[in-house]
Amino acid sequence: MSQQTRIPVLVIGGYLGAGKTTLINKMLSDATQRIAVVVNDFGSVNIDASLIRERHNDTIELTNGCICCAVGESLADVLFTILERAELPEVVVIEASGVANPAAVAAFAHIDGFHHLGNVVLVDALHAADTAKDPLVGKTFALQVQAANLLAITKTDAAEESAVAHVHSLISPLAPTTPIISAGGTTLASLIMDIGPGSEITVNETHNTFSTTTLSHVSAQDESQLRTFLQNFPPSVVRAKGIVELADGTRRLVQKVGTTVSITTTSLPSSGLVVISVIEN
Amino acid sequence: MTSTQPPRPGDVIFTARRIRTANPSQPTATAIAVRDGKVLSVGTLEDCQQWGITNIDRQFEDKVLTAGFVEAHSHVMTGMYATIPYVGWFGRHMPDGTWVEGVKSTAELVSRIAAIAATTEAGQAIVVSGFDPIYLDTERLSCHHLDEATTQHPVFVFHASGHLATINSFSLAKYNIEAGHPAPGVGFDEHGQPNGELREPAAMALSRDEFRLIGQVVFALDTLAHFGNSMRNAGITTATDLGNNYHANEDVLTGVLDATSSDSFPVRVASVPRILGGPSVMNEFVQKVQDARTKTHDKLHIPVVKMVLDGSIQGFTAVVNWPGYFTGEDHGLFLFPPEQVVEYLRPFHEAGIGIHCHCNGSTTSGVFIDAIEQLLREHAWLDHRHTITHAQLITQAQMRKAKNLGMSANFFVNHMWFWGEQHRDITVGPDRAAAMNPCGTADRIGLQYAFHSDSPVTPANQLHTMWAAVNRATPHGDVVGPAERIDIDRAFHGATIDGAYQLHMDHLIGSLEVGKFADMTVLEEDPYEVDAMSIRDIRVWGTIVGGLPSKSTAQR
C-alpha cells in the first residue's frame, strides 16, 4: 500500500473520567471529515438519533459519513475491518480505555494502511491529583501521561486555580518535553479536527489562548529536512497541518500533534502550513 | 426388591473394577445404572439390577470409572493445534490424539517448518504455535533461522507466551518491515535491520494475513470440534470455554448450539461470555446472556460470565502486592479501572449471574473480593459462588475474607510444574512461590476451590492438575510449597464436583448421584491407588457422557 492511502490514527487517552467520551462525542457531532472512532464503551457515545443512518452489530454509521465502532476483542481486527470499507475514513480516532497505556494502543497505528498521528492524553483537573497517588492506579496514570504527545488538562473551568497549577506540576516532570494545555472537549475537537487551509482557530480558555498562523511559503529539500523543521518548532506549537512541496516537486501532507510529526505523500496541491500555538493567560 | 417402573430402551448398567463417585455419602461402587442419559442407580450390580435392567455393559469391568472430570477454566482455542502445528518444548497430544514430541532446539524448529514448507504451495502462510524458547539454551530465534526453513513462504512462529512472534525474511519483505520501521515491538539486530521479532499483538498484526489466520482458526466451528476431542481424550466430560463472545452474534450462537448438540460431540460445554465494552452496555450484555440461555441444551450451558482483571505472573503483568516482583520489571496493569469493577459487575450480580474473575496477582484478587463485598452489601445473594479464577497469589487474609463472603477460588495449580521454578527464582521469589495456588491453606481456612489447566496455556488434563496439587513437583525434582500439598481424595474433588459447583452446575454434573448426568471418566487405574507421583501417568480410556461411551483417540 502506498504512503498516500495511509490513514492517520489519533489516540485519545487518559484515566477514567478525564473527558475522553465528551471529546469523542464532540468530534462526531461536529465532524467536517469522515472520522472513524473506535470506542471502548459503545453505549456512552451520545449520538443524536437523527444522525444515525444504520446500526450493525458493533458499528454505527452516521449520516455525516462518520462511523463509530466498538473495540470488542481485538483492536487489530477493527482496524483491518475499517480498511475493508468501501469509503475509507479520513482519520481514525481510537479511544483508549481508562486504564490503557496509550502507547500500547498507538502501537496498532502502524499496521499497513495507517500511520500514527499522535496520542492526546486528557488529565482531569479535579481528580488527577488523587489518581496520581492512588496505590492501585497511580502507576497507570503516570504511564498514560508519559505516553502523551499532547497533554490536555480538562475541566479547568470547574477547578480552583491552585488545583490546576498543582496538576500541572504533577504531570510536567513525568513528560518534560510534552506540551501541556488546558482545554475542554470543544476546544480540543476544534484544534485537532478543524485545522486546515484558511482555518482561523482562536480560542480563549481560562488558562490559555490558542491562536492560528499560516506559513504560506514553507519549502523543504526533503522529508528529513521537513521533519527537522517541524520538530524544531517551539513547544508553544501544539498543532500543525499543511501540504508542503519538496525540492523534487512531490508534495507531503505534514501533521504535528504535540511532539509527534507525521509526513505522508499526497497529490493534493500545496496549502501552506497552518500552525496553532498556545499562549498562557 | 424390584422397581415397579418398567425398563426403557437405552437403559444400561456399566460394571467396573471400581467407581469413584465424588459423592461423599457413597464414595465407591462397582456398578452404575443409566437411564435417559442420567444416573439411575449407583452401587453393586445387584443394586442396579433392581431397576429391572438386563442390558449390562461389561466392557469396563477391569477399569476404573470416576465422576467425570470438570474443567472449569479452559478455552476453545485448545482446538487450534489441529490446524496450527504445535512446536512447544513439552511434548503434547494433538486434538486427534497424535503425540507431538517437544521442540528442544532452534534447529528442530527449523526442520519442522521445512517439512511443512515441502508440502505447502509457495506463498501460502505457514503458522506454527507454542514455541517456548525459555527452555532453550540456543541463540535467540530470528528471521535468519526461519529463512533456513523456507524463502518461499511467509512464516509466523507464535510463541507460547502469547506476547511474541517471529517471522521470516519473506514476511518482512511482504509487509515492508525495514530498518527504521516506526512500530513499537518490531525487533532489530545490532545493524539496525529487522530481526523478525514482533512483540505484543500490535506488532504481530503487522504480519496481517498470518495474524488474522490465527484469529479465524480460534473462532472456527471446526476448532470447537477439535476442542471437544482434546477434552474427551483427557477424560474431561464438561469443559469450559471461559471467555467468548458467542452470545453477541445470533448466527455464531446458533452454529455453536448446533455443533454441540449431537450425540457425537464428545463433551458437555460450559460456554462463558467475556465481559467487554464499557459499563453502559452491561445491562444489554446481561439481556443477551439471558436470551442466549433460553436456547441452550443439555450439552451447552452458559452458566456464568467472566471478567479478566489483570495479566500474568510470568509476563510480569499481574498486579501484585508489596514488595512487588522478585526480579524483573513490574508491568502490572489492570484491564478495567479498579474503581469501576463494581459498576461493571452489578448488573450480573443483580440478575443472579455468577462471575468468574481472572485475578493472577494478589492486588487484583483483593480488588475483586472488595467489589463482591460491596455488591453483597447492596444486594443480598447468598448462593452467588463468585469465583476468583487463577487466584495464584491470593493471600491468607484474602482467602479468609473470600470464604466469609461465600466466594470460591479456581487455582492454576499446574503452574507449580510448568513454571514453579521460575516463580521461585525469578518472578515472586521463594516465599510467595511456596504459597502460590495454596490448596492446603484454602482447606485449612475452608475456602471452596477447584483447579484448572487454562488449556491451551497448559494441556487440559485433570490427572495432571491433581498430580500437581498432590505433589507440587518441578521438572528438576524440587517441591515448591510442600505445606500446600493436598491428598488425592481432596484433589479428586477439586477436579470434579468443586468445579461443577463454581459453574452452578453441581446439580447436573461433578459427581455420580441419582438424577445427575451419567458423565464418567474411564481410567485404566485408580488414582487413589497408584503412587502419588504416577497419578498423571494413568492412561485414560475415554469418557462416558450422558451414558454414551467415547473412546480416547490419544496415542500413548
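These numbers come from a predicted model, not from an experiment. All values below come from the heavy atoms of this structure, side chains included, with hydrogens, waters and symmetry mates left out. Note on naming: letters A, B, ... go to the chains in the order of the sequence lines (proteins, then strands), and numbering restarts at 1 for each one.
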Colleague: Got a sec, which residues hit ring-ring contact (aromatic ring centres under 6.0 Å, His included) with B/His73, two or more places apart in sequence or on another chain?
Modeller: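 Expected list: B/His75, B/His390, B/His452.
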
Colleague: Rounded at 0.5 Å granularity, tell me how far CG in A/Asp112 sits from NZ in B/Lys174.
Modeller: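 Answer rounded to 0.5 Å: 11.0 Å.
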
Colleague: If you compare all heavy atoms of A/Leu136 against all heavy atoms of B/Phe334, which two are closest, and at what distance to 0.1 Å?
Modeller: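 Distance-wise, the nearest heavy atoms are O-CE1, 3.5 Å.
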
Colleague: Select one option (side chain, backbone, both, neither) describing which atoms of A/Leu16 are under 4.5 Å from chain B's heavy atoms.
Modeller: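 It is the side chain, since no backbone atom gets that close.
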
Colleague: Near B/Glu250 CD, under 6.0 Å, is it more than 12 heavy atoms from other residues, nucleotides or ligands?
Modeller: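 Result for CD/B/Glu250: open.
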
Colleague: Looking at A/Phe80 and B/Ala205, what are the two nearest heavy atoms and their distance?
Modeller: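 Distance-wise, the nearest heavy atoms are CZ-O, 3.5 Å.
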
Colleague: Nearest 0.5 Å please: distance from the CG atom of A/Asn101 over to the NE2 atom of B/His331.
Modeller: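 Output value for this atom pair is 10.5 Å.
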
Colleague: Given heavy-atom pairs under 4.5 angstrom as the criterion, report whether the side chain, backbone, both or neither of A/Val137 touches chain B.
Modeller: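 Answer is side chain: those atoms of A/Val137 sit under 4.5 Å from chain B.
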
Colleague: Just verifying a value: how many Å separate A/Ile111 CD1 and B/Tyr175 OH, rounded to the nearest 0.5 Å?
Modeller: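 It is 11.5 Å, given to the nearest 0.5 Å.
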
Colleague: Side chain, backbone, both or neither: which part of B/Ile177 has an atom under 4.5 Å from a heavy atom of chain A?
Modeller: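 When you check distances to chain A, no heavy atom of B/Ile177 falls under 4.5 Å.
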
Colleague: Check whether B/Asp330 gets within reach of chain A through its side chain, its backbone, both or neither, counting any heavy atom under 4.5 Å.
Modeller: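 B/Asp330 touches chain A through backbone and side-chain heavy atoms alike.
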
Colleague: So what's closer than 4.5 Å to chain A heavy atoms on B/Val281: side chain, backbone, both or neither?
Modeller: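 Both backbone and side chain.
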
Colleague: Can you give me the closest heavy-atom contact between A/Lys139 and B/Gly332, atom names plus distance?
Modeller: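 The answer is NZ-O, 3.5 Å.
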
Colleague: Looking only at heavy atoms, what is the nearest atom pair of B/Leu206 and A/His110, with distance?
Modeller: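 Result for this residue pair: CD2-O, 3.2 Å.
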
Colleague: Rounded at 0.5 Å granularity, tell me how far CG in B/Asn245 sits from CG in A/Asp58.
Modeller: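 Atom-to-atom, B/Asn245:CG and A/Asp58:CG are 7.5 Å apart.
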
Colleague: How about residues 359-371 of chain B versus chain A: which residues have heavy atoms under 4.5 Å apart?
Modeller: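 Within residues 359-371 of chain B, near chain A: B/Thr363, B/Val367.
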
Colleague: What closest approach, in Å, do B/Pro338 and A/Val99 show between heavy atoms, and which atom pair accounts for it?
Modeller: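 Looking at all heavy atoms of both residues, the shortest contact is CD-CG1, 4.4 Å.
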
Colleague: Heavy-atom distances under 4.5 Å only: say whether B/Phe219 touches chain A with side chain, backbone, both or neither.
Modeller: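 Side chain of B/Phe219 only, per the 4.5 Å heavy-atom cut-off to chain A.
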
Colleague: Taking all non-hydrogen atoms of both residues, which atom of A/Ala76 and which atom of B/Phe211 are closest, and how far apart?
Modeller: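 Closest heavy-atom pair between A/Ala76 and B/Phe211: CB-CE2, 3.7 Å.
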
Colleague: Can you tell which part of B/Phe336 gets under 4.5 Å to a heavy atom of chain A, answering side chain, backbone, both or neither?
Modeller: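 Contact with chain A involves the backbone of B/Phe336 alone.
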
Colleague: Rounded to the nearest 0.5 Å, what separation is found between the CD atom of B/Gln216 and the CG atom of A/Asp77?
Modeller: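 Atom-to-atom, B/Gln216:CD and A/Asp77:CG are 8.5 Å apart.
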
